[in-house]
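So the structure is just underneath, and the comments pick up after that.
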2 protein chains.
Amino acid sequence: MKFAAATIKDIAKALGLSTSTVSRALRDSHEISTETKQLVLEYATRINYHPNPIALSLKEKRSRSIGVIVAEIANSFFSQAINGIESVANDKGYNVIISQSHESYDKEVMTLQYLASRSIDGLLISVSTATKDLQHLKALHDRGFPIVFFDRIVEEINTHKVAVDNFRGAYDATMHLMRQGYQDIATITNSENLSITKERVAGYMEALSQKHIKPRKSLIKYCFHGGMLLSEIEDAINQLLKVKPRPDAIFTGSDKLTTGCMRVLKSKGLRIPEDIAVVGFSNSDIIELLDPPITVVRQPAFEMGQVATELLLQLIESKRPVHDFERKILATTLIVQQDNARVKA
Amino acid sequence: MKFAAATIKDIAKALGLSTSTVSRALRDSHEISTETKQLVLEYATRINYHPNPIALSLKEKRSRSIGVIVAEIANSFFSQAINGIESVANDKGYNVIISQSHESYDKEVMTLQYLASRSIDGLLISVSTATKDLQHLKALHDRGFPIVFFDRIVEEINTHKVAVDNFRGAYDATMHLMRQGYQDIATITNSENLSITKERVAGYMEALSQKHIKPRKSLIKYCFHGGMLLSEIEDAINQLLKVKPRPDAIFTGSDKLTTGCMRVLKSKGLRIPEDIAVVGFSNSDIIELLDPPITVVRQPAFEMGQVATELLLQLIESKRPVHDFERKILATTLIVQQDNARVKA
DNA sequence: CTGAAAGCGCTAACAA
DNA sequence: TTGTTAGCGCTTTCAG
């Protein structure tokens, strides 16, 4: 059932004015007499007039809405980032349309096409773990469509990018493990093609190297679906447990992988950290309630969302094509949990 | 920076046709010759033509987008519900615009006003814990605007409603506690004005009564902000701990309150469940990883989202005013955790 | 089978 | 100070 909202025309007719006069009165134009303005304004509020944003969009060729594509809303990191995005967007009068790729390349492409055809003014995206081919994004970008990458950024496309210092985050986590006495540290991480994966693995390896431990390929496990399938993590862990010497700790490269790992280890009856320690990226807000409350690398998700949105709106509202793109790198925080800080026997 | 998309006019000009012919050809009208159709279609795909949805909206007086207002996306229950909402909405070609009230009445009103003025075709809402006055919703509803309530529904407004059997969920949880041997069971729950609060408290009291335990007012604690402020939960627990005899278990009425309670109890050095047991509503997907892995009442959030969206789209697409409204009640599941099933000494 | 014209709600250049 | 008109992209009578 539709319901007809009041229009400028209604006001004009009721007051015996022209639509343009009404329009101008509503926008408080200086070329309208005070009395007319008052008359119009009064009547407008009385009939609860609100300008039709669709008509405005058609005229202005902009919808004042931006699209966001993330892997999953039901993921602390992304939902916190979205909070940041919304806070800035709403402040500036923009709508946010959120879509999820569920870590599927096909879904990402479809959802992108859909969003693009729904006339959003710009896009914030953190690509799916399964995304290797970037044609869908390149095509849009080449047409001059404003895009900002955050978190899982893409080097091949030249635009604003916001991420954390993943290298450092991974380095800190691995160092922390080594300081606890762990030596055979494995890593379970996202698919190899992701920017964040490369950086995190590099940080992990650098930490090992500094302690003169040679990184072993058999201890690095990539999850193409980012842990969307628990079986993926199970497989990785099964393989790790067969390696000699058996790893005594795991550095996990994402929220989903961190909790997924814990789940799998527990189901196998392995104790954390006695049998095998876990430290990884996570933005879960109940990490201290976990058994055990593991040490995690936290990302400033909210802030990332804010920064990315500011950059996007800047792009959208720029009068001329932008060629100078920024790359913002935020810092991670290592949240050390007491219970995990026991030194290994 | 704007970027101009191809329009029907462009096609018409390039092909020496009129815009109406092109429009008809694109919509595969029977009154267009096969050759012309082919010509148009071919050219359209070549230049990557996509109809401008804004122009369509203006014409059709509908935007094919629906609004959703929830307390917080960063809440398992809501993010799961949103997944359900999106799955149905996208299937039917609708966009979903998500907003958060953060459990603030003012924010809810503002966000609602904003959404309504942004020409959404309908609204799905789970009101904030702070919402008592319903004028903002009534006004919209009276103007014939399609609204569907889910989870935290509102009796005063006559429209479709989707919720779970909160009474039963609370009853089951409380019964479970009593079967474990707990007798002095307190409850910490959302603000008193919410539908779900009343139902959950009623279920809790009914369970007590059946075991001939008289509900005590001093054991029922309402949190006006739904636990958004941890201090609220702290206060509630402090008061509960002073009651004689001291409660030996707490039934928590929401996701946030459940984890919030655990957090507070732990910080006080109280062991769960030895010192005080906790059972409550939660849709967290890592509940088994908690210390201890408490028994919870789970809601079919995804399904709720789906059902609510189907009802809303039905409302939106109905040709005539709807007067016959549905009230769907889904079942909750009690997820019993082994570690919590130890009988109290 | 195709085209011209009107109209959705709004703004803005141009007239008066 | 106010009104007339055209146009944003699209569909849809109404005429050929």
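Given the structure is predicted, the values throughout are model-derived calculations rather than measurements. Protein chains get the first letters and strands the later ones, always in sequence-line order, with residue 1 at the start of each.
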Tell me if the side-chain of A:Thr36 makes a donor-acceptor pair with the base of D:dT1, cut-off 3.5 Å, by modelled atom types.
no

Is it the case that C:dA4 (base atoms only) and B:Ser18 (side chain only) share a donor and an acceptor within less than 3.5 Å, ignoring hydrogens and angles?
no

Exercise. Are B:Ser20 and B:Ser23 linked by a side-chain donor-acceptor pair shorter than 3.5 Å?
Worked result: no

How far apart are the closest heavy atoms of [X] and [Y], and which atoms are they?
X        : Y        : result
A:Ser128 : A:Ser101 : CB-OG, 3.5 Å
B:Ala44  : B:Ile11  : CB-CD1, 3.9 Å
B:Met304 : B:Leu330 : CG-CD1, 3.5 Å

ask   = At under 4.0 Å, does any side-chain N or O of B:Ser23 touch on OP1 or OP2 of D:dC10?
value = no

Practice prompt. Would you please confirm or rule out a distance under 4.0 Å between OP1 or OP2 of D:dG7 and any side-chain N or O of B:Lys9?
Written response: no

Per atom distances to the B:Thr21 side chain, the nearest of C:dG3, C:dT11, D:dG3 is C:dG3

Which of C:dA12, C:dG3, D:dC10 is nearest the side chain of B:Leu17? It is C:dG3

ask   = What do the steps show when you test B:Arg64 against B:Asp121 for salt bridge (charged side-chain N to carboxylate O under 4.0 Å, His left out), and what is the final call?
value = CA-CA 6 Å; B:Arg64 287 204 156 262; B:Asp121 295 341; over 6 Å; no

* Asked: Ring centres of A:Tyr105 and A:His225 under 6.0 Å apart?
  -> no

Protein-nucleotides 14-16 of chain D N/O pairs closer than 3.5 Å?
none

In whole angstroms, the gap separating P of D:dT12 from CG of B:Leu26 amounts to 13 Å

Under a 4.0 Å heavy-atom cutoff, the residues of residues 38-59 of chain B touching DNA chain C are B:Leu58, B:Lys59

Answer with base, sugar-phosphate or nothing: what part of the nucleic acid does A:Ser20 contact at a heavy-atom distance below 4.0 Å?
base

Electrostatic pair A:Arg152-A:Glu103, nearest N-O below 4.0 angstrom: yes

